[in-house]
Visitor: 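Below is one structure. I have some questions about it.
Convention: sequence-line order gives letters A, B, ...; per-chain numbering from 1.
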Protein chains: 2
Amino acid sequence: MKQQLKQHIEKTIALSDREFDFVFSHFDQKSFLKHQFIIQEGNYAHNDYFLINGLVKSSHIGEEGKEHILQFGTENSWVSDPQAYHTHAKATLNIQCLEDTQTYLISFQEKEKLCADLTKMEKFFSKKTSLEQITLQRRILCLISNNAQNRYEDFLRQYPNLIQRIPKTMIASYLGVSRETLSRLSHA
Amino acid sequence: MKQQLKQHIEKTIALSDREFDFVFSHFDQKSFLKHQFIIQEGNYAHNDYFLINGLVKSSHIGEEGKEHILQFGTENSWVSDPQAYHTHAKATLNIQCLEDTQTYLISFQEKEKLCADLTKMEKFFSKKTSLEQITLQRRILCLISNNAQNRYEDFLRQYPNLIQRIPKTMIASYLGVSRETLSRLSHA
DNA sequence: TTGATTAAAGGACAAATGTCACAAATAAAA
DNA sequence: TTTTATTTGTGACATTTGTCCTTTAATCAA
């Protein structure tokens with residue numbers, strides 16, 4: 001399992017076994033059950049979570065109490081509340097498990113230490129954020145240029161394996177349409 | 001003008017005059033006229049642009065030929081096609097000037113060199129990307145949780161000074177609604 | 001298993017938004 | 001200035017999407 005994180009990081013930068021052991025010593029392991037919150041709105045959220053397995057949703061609760069889903073996270077992805085993580089503010093997002101989930105987490109402080117001692121890792125995190133940025137930009141483009149039907153088809157193409165694991169209600173919330181509208185789309 | 005970039009960077013990391021001169025030596029200056037393209041779809045886009053002044057739009061042309069605006073950039077902001085910049089692929093975005101615009105630009109290669117020689121700058125760019133990530137996430141949340149009226153009000157709150165400088169057609173394109181719909185919102 | 005909760009589909013109607021057309025106002029160019 | 005584009009507003013109507021409601025199916029816990 002430790003190897004899973006190593007392999008993940010090595011997609012971006014090369015690491016000797018010794019170096020990885022050093023990197024790994026900055027992480028903690030933590031497991032969560034289905035329905036459990038990893039991050040909860042209003043609390044501090046100083047950690048960035050690497051998902052070993054499982055499935056989570058990251059969402060925000062709007063004024064009228066509606067949930068809006070920003071992201072689904074699954075094996076080998078990272079989740080956090082970036083605002084809370086980087087600015088040390090209280091979380092405005094909720095990250096909750098849809099399945100039992102195991103994680104490696106690193107606190108902001110430990111990450112700073114790690115990057116100071118091993119510059120490569122600064123590069124790793126920087127690259128990771130850049131890729132996330134590209135993903136978010138793609139999502140914005142999809143939201144402003146496509147209707148519900150096309151957004152759903154785009155979702156199917158991007159995450160074909162998640163459809164079975166996530167209730168339609170949540171996919172609708174991710175796409176920014178009502179559950180009923182999603183239910184009426186042609187399921188080609 | 002050189003000081004403007006220094007002050008901008010110093011909001012994130014401290015730099016001696018000597019260090020900044022070194023940083024600055026990795027940048028080039030380039031000016032553009034209104035209507036001119038900084039980045040054009042299909043071309044390579046190896047540079048990241050810091051805007052000294054002026055106004056630009058970053059957009060994508062959809063299948064049916066419609067323009068969808070991802071971002072407006074003005075003094076002290078950065079613009080690029082992140083995908084093209086980081087993956088060395090051809091640009092899928094257009095960045096075009098709405099006003100005469102002066103920039104400092106840094107190529108991907110020069111940025112890599114700079115970060116290798118002055119680790120602080122890796123931290124600077126990393127922080128910059130993180131803040132951009134937070135902004136994009138906020139935008140997504142706005143798009144999936146608000147109707148046209150509220151998205152427009154949100155835009156007014158976030159960019160009160162841009163409204164006079166940007167035609168409504170483009171604001172509509174940024175918000176993901178038709179020009180006519182935007183025109184009919186209550187302009188409270 | 002049984003009962004309770006949750007998820008999904010679909011009808012009926014209202015509200016929001018898009019499209020097309022045209023006219024007025026404004027800005028840019030000659 | 002005059003001429004030409006561009007921008008903006010608005011009406012009429014079609015389409016999309018949201019809301020409320022009921023029913024059925026599926027899932028989960030005791």
Visitor: Salt bridge between B:E132 and B:R138, side-chain N to carboxylate O under 4.0 Å?
Guide: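 B:R138 and B:E132: not salt-bridged.
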Visitor: Return a single string for nucleotides 22-28 of chain C, one symbol per nucleotide in 5' to 3' order, where B is base contact, S is sugar-phosphate-only contact and - is none, cutoff 4.0 angstrom on heavy atoms.
Guide: ------S
Visitor: Among C:dA9, D:dG9, D:dG18, which nucleotide has an atom closest to any side-chain atom of A:R184?
Guide: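 Given the options C:dA9, D:dG9, D:dG18, the side chain of A:R184 is closest to D:dG18.
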Visitor: Check the orientation of B:H8 and B:W78. Use parallel for under 30°, tilted for 30 to 60°, and perpendicular for over 60°.
Guide: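 Rings of B:H8 and B:W78: tilted, as their planes differ by 30° to 60°.
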Visitor: In terms of the angle between their ring planes, are B:H86 and B:F108 parallel, tilted or perpendicular, with boundaries placed at 30° and 60°?
Guide: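 Aromatic pair B:H86/B:F108 classed perpendicular.
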Visitor: Between P on C:dG18 and CD on A:Q149, what's the gap in Å once rounded to a whole number?
Guide: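 Taking CD of A:Q149 and P of C:dG18, I get 17 Å after rounding.
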Visitor: Would you say D:dG18 has OP1 or OP2 under 4.0 Å from some side-chain N or O of A:T181?
Guide: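 So the side chain of A:T181 is within the cut-off, an N or O lying under 4.0 Å from OP1 or OP2 of D:dG18.
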Visitor: Using five base pairs at each end, measure the axis-to-axis angle across the helix from C:dT1-D:dA30 to C:dA30-D:dT1 and round it to 10 degrees.
Guide: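 The angle, to the nearest 10 degrees, is 60°.
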Visitor: Any side-chain N or O of B:K66 under 4.0 Å from OP1/OP2 of C:dG18?
Guide: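 It does not, given that no N or O in the side chain of B:K66 lies less than 4.0 Å from OP1 or OP2 of C:dG18.
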Visitor: Taking side-chain contact (heavy atoms from CB on, under 4.5 Å) as the criterion, tell me which of A:D48, A:V23, A:D28 meets it with A:I106.
Guide: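 The side-chain contact (heavy atoms from CB on, under 4.5 Å) with A:I106 is passed solely by A:D48 among A:D48, A:V23, A:D28.
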Visitor: Roughly, in whole Å, what's the span from CZ in A:R165 to C1' in D:dT27?
Guide: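 Taking CZ of A:R165 and C1' of D:dT27, I get 18 Å after rounding.
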Visitor: Would you say a side-chain N or O of A:T169 is under 4.0 Å from OP1 or OP2 of C:dA8?
Guide: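 For C:dA8, OP1/OP2 do have a side-chain N/O of A:T169 under 4.0 Å.
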Visitor: To the nearest angstrom, how far is A:I144 atom CD1 from C:dT17 atom P?
Guide: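 To the nearest whole Å, that distance equals 16 Å.
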Visitor: Whole angstrom is fine here: how far is it from CG in B:L175 over to C1' in C:dT17?
Guide: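 Rounded to the whole Å, the gap is 13 Å.
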Visitor: Using a strict cut-off of less than 4.0 Å between a Lys/Arg side-chain nitrogen and an Asp/Glu carboxylate oxygen, indicate whether B:K127 and A:E122 qualify as a salt bridge.
Guide: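 Salt bridge: no.
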Visitor: According to the interplanar angle, ranging from 0 to 90°, do the rings of B:F22 and B:H26 count as parallel (below 30°), tilted (30 to 60°) or perpendicular (above 60°)?
Guide: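 Geometry flag for B:H26 against B:F22: perpendicular rings.
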Visitor: Please check: side-chain N/O of A:S173 versus main-chain N/O of A:E67, any donor-acceptor pairing under 3.5 Å?
Guide: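 Yes; at least one donor-acceptor contact below 3.5 Å.
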Visitor: Among the nucleotides C:dG18, D:dT19, C:dA7, which one has an atom lying closest to any side-chain atom of B:V177?
Guide: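 The closest nucleotide is C:dG18.
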Visitor: Aromatic ring centroids of A:F50 and A:F27 under 6.0 Å?
Guide: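 Not close enough - the centres of the two rings lie 6.0 Å or further apart.
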Visitor: Between B:Y49 and B:Y104, is the gap from one ring center to the other below 6.0 Å?
Guide: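 No; B:Y104 has its ring centre 6.0 Å or more from that of B:Y49.
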Visitor: For B:E180 and A:R151, find the nucleotide of DNA chain D closest to each by heavy atoms; which residue's nucleotide sits nearer the 5' end?
Guide: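 On the 5' side of the pair lies B:E180.
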Visitor: Between atom CG in A:N150 and atom C1' in D:dT17, what is the gap in whole Å?
Guide: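 After rounding, the reported distance stands at 15 Å.
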